[in-house]
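Letters go in sequence order (proteins before strands), and every chain restarts at 1.
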Protein chains: 2
Amino acid sequence: MTATPFPVSEIVATRRPHRKDAARNYDALLDAAREAFAEHGAEASLEDIARRAGVGIGTLYRNFPTRRDLFETVYADEVNTLCRAAAELADREPWEALTAWLDRFAGYMVTKRAVREALDGESGIFQACRESMYAAGGPLLERAQRTGAARADMDFGDLLRMVAGITATVFDDDAQRNRVLAIALDGVRAGR
Amino acid sequence: MTATPFPVSEIVATRRPHRKDAARNYDALLDAAREAFAEHGAEASLEDIARRAGVGIGTLYRNFPTRRDLFETVYADEVNTLCRAAAELADREPWEALTAWLDRFAGYMVTKRAVREALDGESGIFQACRESMYAAGGPLLERAQRTGAARADMDFGDLLRMVAGITATVFDDDAQRNRVLAIALDGVRAGR
DNA sequence: ACTGTAGCGGAGGTACCCCTCCGGTTCAAT
DNA sequence: ATTGAACCGGAGGGGTACCTCCGCTACAGT
């Protein structure tokens, strides 16, 4: 009833350094990377990221030997947050819980599509994140389907792609994005 | 009843050269650019494009002094094709005509999002293309709305963004993409 | 306070890309 | 066939990004 109804695992055992200065640099790098990827997409300059973090390029490479390492860490971080959010929504109305979570999902994904794009399908961590996310959010859809609030002829993957695709698009303003999202979600209720 | 029910304008007076060899190079460059943009996104290497076209880099720059020139020409080309398609669908059933056109739209746009992205909002030609596209496709939606096949509380812009967003996403396979698109389109019928 | 070591920054080699410029080539009009 | 204008390719200068390497710094454990 209370607490977390389904397990929320931390996906990556992040290699955060022990020493104080090192840990500070590590965090600064992650923040800078998040920002840079959101702004410039998957091929943001690593040197620029180091610059933003106020850190030498060597430090970046020591913490994340590969561009992919950086991607994975940033991405896994986001997914962890999302999984926690799903747990907190478990006691709301089925349809409301689902849409509220999708809202969060959209918020995190708008700026993160670059990261997902770069990792899609080719990474072990990505696979783990995916499973984690499905485990966390999937029940929200199933519950809505059981109560008849959502059509039964679709799965959680369909839903996520739909929302991800729509939210990743450039709209005139947030009102239009929400309008379009609402229309598409009407399709999710419509089937039955 | 016959021919084109609404005007289909050629948007850019393309500066295709007169001389035979020059014209051949021009075409090769456009093809290579289309391909490269689809593959590598907006910042594909111009030198690579010239290489693909089997042409010196100088020739590329003579024909398209600016990366934007190349973008605009490629993009305008696509839009022209799409406008012609709309004209040809005018005598089908309203809903069927609309979805058939959106199908074409999706096909052209999946690989072209890079071009749209790079041009979005900042280009005069883009504005013209947009208008052309709306003039060509908009009536298909309005017709469907008049007959009650589509909900009235949305406009053509909403619909295009929705379809563009969904089709630009990576799916497991085409079946999933079509399934998700169908669900969203159910939302377009649902409102009323 | 001392000290060994984990961690730091950034110079610099390599690679690629952008774009200009010009000697040579090819077309088409006579 | 001739010829001059239009067009060609690619060398090369300038810039930026990637990534390695190493002399120096500052932390943490005693």
Side-chain angles (χ1 to χ4, degrees), chain A residues 13-75 114-115 117-119 122-123, chain B residues 13-75 114-115 117-119 122-123:
Chain A
T14 54
R15 283 226 166 277
R16 194 162 176 276
H18 291 55
R19 245 174 70 170
K20 205 192 294 182
D21 55 345
R24 197 179 337 116
N25 285 340
Y26 181 90
D27 293 341
L29 278 170
L30 273 191
D31 285 349
R34 221 189 311 276
E35 199 181 317
F37 288 148
E39 196 167 317
H40 298 308
E43 63 285 282
S45 155
L46 297 184
E47 271 169 350
D48 179 51
I49 290 174
R51 248 178 334 251
R52 281 178 201 238
V55 147
I57 184 69
T59 301
L60 185 151
Y61 276 98
R62 201 169 325 98
N63 281 288
F64 309 99
T66 249
R67 175 186 232 95
R68 155 143 303 158
D69 291 319
L70 193 48
F71 269 134
E72 290 186 346
T73 310
V74 168
Y75 180 63
V115 181
E117 196 171 292
L119 249 45
E122 307 166 25
S123 170
Chain B
T14 54
R15 282 227 165 279
R16 194 159 176 278
H18 290 56
R19 245 174 69 168
K20 205 192 294 180
D21 54 346
R24 197 178 337 116
N25 285 341
Y26 181 91
D27 294 342
L29 278 170
L30 273 191
D31 285 348
R34 220 188 312 276
E35 199 182 318
F37 288 147
E39 196 167 318
H40 298 307
E43 62 286 281
S45 154
L46 296 185
E47 268 168 353
D48 178 51
I49 290 174
R51 244 173 344 244
R52 283 179 201 237
V55 147
I57 185 68
T59 301
L60 185 152
Y61 277 97
R62 201 170 326 100
N63 281 288
F64 308 100
T66 252
R67 176 187 230 94
R68 155 142 306 157
D69 290 321
L70 192 48
F71 269 134
E72 290 186 348
T73 309
V74 168
Y75 180 62
V115 181
E117 198 171 289
L119 249 46
E122 307 166 25
S123 171

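- The pair A:D27-A:R16 meets the salt-bridge criterion, since a charged nitrogen lies less than 4.0 angstrom from a carboxylate oxygen.
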What does the list of N/O pairs under 3.5 Å between the protein and nucleotides 25-30 of chain D look like, with a distance for each?
residue, atom, partner, partner atom, Å
D:dA28, OP1, A:K20, N, 3.0

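- For a distance-only test at 3.5 Å, the side chain of B:E47 fails to qualify as a donor-acceptor partner of the base of C:dC16.
- The CZ atom of A:R62 sits 17 Å away from the P atom of C:dT5 (whole-angstrom rounding).
- Applying the 4.0 Å criterion to OP1 and OP2 of C:dC16, one finds that B:S45 has every side-chain N and O outside that range.
- A:R67 contributes a side-chain N or O that, together with a main-chain N or O of A:A44, makes up a donor-acceptor pair within less than 3.5 Å.
- Rounded to an integer number of Å, the gap from A:L29 CG to C:dG7 P is 14 Å.
- Residue A:L46 is classed as a sugar-phosphate contact, given heavy-atom separations below 4.0 Å to backbone atoms only.
- A distance of 5.5 Å separates CG in A:D48 from NE2 in A:H40, rounded to the nearest 0.5 Å.
- When all heavy atoms are compared, the tightest approach of B:L60 to B:V55 is N-CG1, 4.3 Å.
- Residue A:D48 is classed as having no contact, given no heavy-atom separation below 4.0 Å to the nucleic acid.
- Here D:dC7 presents its P atom at 15 Å from CG of B:L60, a figure rounded to the nearest Å.
- If you find the closest nucleotide of DNA chain C to A:I57 and to B:P65, the one lying nearer the 5' end belongs to A:I57.
- If you check distances only, the side chain of B:E43 never reaches the base of C:dC17 with a donor-acceptor pair under 3.5 Å.
- Per the geometry, OH belonging to B:Y61 stands 18 Å off P belonging to D:dG12, to the nearest Å.
- At the phosphate of D:dC8, OP1 or OP2 sits under 4.0 Å from a side-chain N or O atom of B:N25.
- For the pair A:N63 CG and C:dA6 C1', the computed distance is 12 Å after rounding to whole Å.
- What you find for A:L29 and A:A50 is that their closest heavy atoms are CD2-CA, 4.2 Å.
- Two end axes, each from the C1' atoms of five base pairs, can be drawn for the helix from C:dA1-D:dT30 to C:dT30-D:dA1; they diverge by 30°, to 10 degrees.
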Practice problem: Go through the steps for A:Y26 and A:T73 under the test side-chain contact (heavy atoms from CB on, under 4.5 Å), then give the verdict. | Solution: CA-CA 11 Å; A:Y26 181 90; A:T73 310; 3.6 Å; yes
Quiz prompt | A:L30 vs A:R34, side-chain contact (heavy atoms from CB on, under 4.5 Å): CA-CA, chis, key distance, verdict | solution = CA-CA 6 Å; A:L30 273 191; A:R34 221 189 311 276; 4.3 Å; yes
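- B:D21 has no carboxylate O lying under 4.0 Å from a charged side-chain N of B:R24, or vice versa, which leaves the two without a salt bridge.
- Summarising the geometry, the separation between CZ on B:R51 and P on D:dA11 is reported as 12 Å, rounded to the nearest angstrom.
- In this structure, CZ of B:R67 is placed 9 Å from C1' of C:dC18, rounded to the nearest angstrom.
- Looking only at distances, a side-chain donor or acceptor of A:S45 sits under 3.5 Å from a matching main-chain atom of A:E47.
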